[in-house]
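First up is the structure itself, then whatever we jot down about it.
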2 protein chains.
Amino acid sequence: MPTELRYSRQRAAIWEWIRNRRDHPTADEVYVALREQFPHLSLATVYRNLMVLSDQGKLRPVVAGDKVTRFDPNTAEHQHFRCTRCGRVFDVEAPEVGRAVRRLDLGTVGTLTDFSLCLEGVCTACAQALEARGDALAPGM
Amino acid sequence: MPTELRYSRQRAAIWEWIRNRRDHPTADEVYVALREQFPHLSLATVYRNLMVLSDQGKLRPVVAGDKVTRFDPNTAEHQHFRCTRCGRVFDVEAPEVGRAVRRLDLGTVGTLTDFSLCLEGVCTACAQALEARGDALAPGM
DNA sequence: ATACGTGCAAACGTTTTGCACATAC
DNA sequence: GTATGTGCAAAACGTTTGCACGTAT
């Protein structure tokens with residue numbers, strides 16, 4: 001385990017590429033995108049650096065219900081909505097939910113350090129596509 | 001894909017074993033437990049039947065932040081607390097959070113069909129073990 | 001000079017799938 | 001008899017690791 005953190009062009013490029021993204025890229029998406037700039041880039045390097053950036057608090061890993069880990073440069077409190085049709089993950093502001101969570105009485109269960117809310121449904125684009133095909137929409141909650 | 005559903009001793013045994021569990025077993029835990037009764041049981045069979053039972057609405061897959069899928073026979077609305085030390089998953093009643101979620105204005109994002117809240121922290125047992133060792137507890141939120 | 005970072009390939013753990021055989025209906 | 005369920009092995013998948021080489025400090 002490194003005791004000191006050094007500069008690396010790959011890490012800098014990964015951060016530059018992901019820092020303004022709002023689409024919660026996966027490691028593989030980072031890899032594919034940066035392969036143009038670094039033809040010999042390794043997926044392992046991408047994973048290692050995404051972990052480093054997460055440890056630094058610059059990224060937040062998000063597990064949105066599918067099995068891939070996504071990485072979010074927006075570290076402010078917010079929640080995620082995943083479209084079950086297209087898999088895309090959207091940001092949702094839900095401060096009231098955060099407040100309700102922090103007000104929870106966990107009783108003897110334990111001490112809360114973090115939480116994540118994953119909303120699921122059909123995004124507007126997919127709903128329109130389904131409508132065009134004449135399919136019934138999934139009923140809302 | 002089957003059009004008709006037939007009886008199978010394995011599926012019945014899996015359901016009997018899991019139906020009153022409150023510890024959110026993984027497929028492998030089901031497999032290990034039922035191997036005594038069915039020495040030739042296959043993990044694939046367990047996965048297939050857990051999927052069938054989930055499709056039937058008797059189980060609910062829960063993804064609690066670690067990478068394994070757990071299966072919960074409690075299909076009533078409730079949330080989960082995962083201890084980051086021991087990995088155990090506890091049930092938490094949080095109707096106020098559910099209400100806050102359903103009140104959310106998703107704007108143009110899409111239509112909500114489901115949601116899951118995963119709380120994280122240190123369970124009481126682990127906190128006591130840490131305290132006994134003199135370690136500092138992770139600060140609450 | 002000494003770590004730390006990289007690329008590659010191999011390993012890993014979980015979940016899925018293809019296939020021949022067994023079983024419910 | 002026929003479709004569904006099973007066991008086994010292999011594949012698939014996302015992710016991690018071991019190692020020799022490269023590079024920042």
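What you see is a predicted model; the values in this text were computed from it and never measured. Letters A, B, ... mirror the listed sequences (proteins, then strands); counts begin at 1.
Applying the 4.0 Å criterion to OP1 and OP2 of dG5(C), one finds that R11(A) has a side-chain N or O inside that range. In this model, the phosphate group of dT6(D) is not approached by any side-chain N or O of H40(B) to a distance below 4.0 Å at OP1 or OP2. Listed pair S8(A) / dC4(C) fails the phosphate criterion, with no side-chain N or O lying under 4.0 Å from OP1 or OP2. Between dC8(C) and S42(A), no contact under 4.0 Å exists linking OP1 or OP2 to a side-chain N or O. For the pair Q10(A) and dG7(C), the criterion of a side-chain N or O lying under 4.0 Å from OP1 or OP2 is met. For the OP1/OP2 pair of dT15(D) and a distance below 4.0 Å, the side-chain nitrogens and oxygens of T69(A) include at least one atom meeting the criterion.
When the C1' atom of dT17(C) is taken as reference, atom CG of L43(B) falls 13 Å away, rounded to whole Å. The OH atom of Y7(A) sits 10 Å away from the P atom of dT6(C) (whole-angstrom rounding). In this entry the distance linking CZ of R6(B) with P of dA24(C) reads 10 Å, nearest Å. The interatomic distance linking F38(A) (CZ) with dT23(D) (C1') rounds to 13 Å, in whole Å. Put simply, CG on L50(B) is 10 Å from P on dT16(C), counting in whole angstrom units. If you take CG of N49(A) and P of dT16(D), they are 13 Å apart, rounded to a whole angstrom. Atom CE of M51(B) and atom C1' of dT6(D) are 14 Å apart (whole Å).
Comparing atom distances between the R48(A) side chain and each of dT14(C), dT16(C), dT6(C) picks out dT6(C) as nearest. Side-chain atoms of T45(B) lie closest to dT6(D) of the nucleotides dT6(D), dC4(C), dC25(C). Nearest nucleotide to the side chain of E4(A), out of dT17(D), dT25(D), dT15(C): dT25(D). Closest to the K67(A) side chain, of the nucleotides dA24(C), dA24(D), dT15(C), is dT15(C).
Here the CG-CG distance, from D91(B) to D72(B), works out to 5.5 Å after rounding to the nearest 0.5 Å. Between the NE2 atom in H80(A) and the CZ atom in R88(A) there is a gap of 14.5 Å [rounded to 0.5 Å].
Using modelled atom types, one finds no donor on one side chain facing an acceptor on the other under 3.5 Å when comparing H24(B) with N74(B).
No continuous path of ILVMFWY side-chain contacts below 4.5 Å connects V52(B) to L59(B), so the two sit in separate hydrophobic clusters.
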Given side-chain contact (heavy atoms from CB on, under 4.5 Å), test T124(A) with V109(B) step by step and report yes or no.
-> CA-CA 6 Å; T124(A) 308; V109(B) 170; 5.6 Å; no
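Counting any heavy atom pair closer than 4.0 Å across all strands shown, L41(A) reaches sugar-phosphate atoms only and no base atom. Counting non-hydrogen atoms under 4.0 angstrom, D28(B) reaches nothing in the nucleic acid. Nucleic acid contact class of Y47(A) (heavy atoms, under 4.0 Å, all strands): base.
Contact annotation: side chain of R9(A) to base of dG5(C), donor-acceptor pair absent below 3.5 Å.
Judged by the 6.0 Å distance and 45° axis criteria, R11(A) is not positioned over the aromatic ring of W15(A).
The nearest heavy atom of DNA chain D to A44(B) and to R70(A) marks one nucleotide each, and the one closer to the 5' end goes with A44(B). Between P39(B) and L5(B), the residue anchored nearer the 5' end of DNA chain D, judged by the nucleotide with its closest heavy atom, is L5(B).
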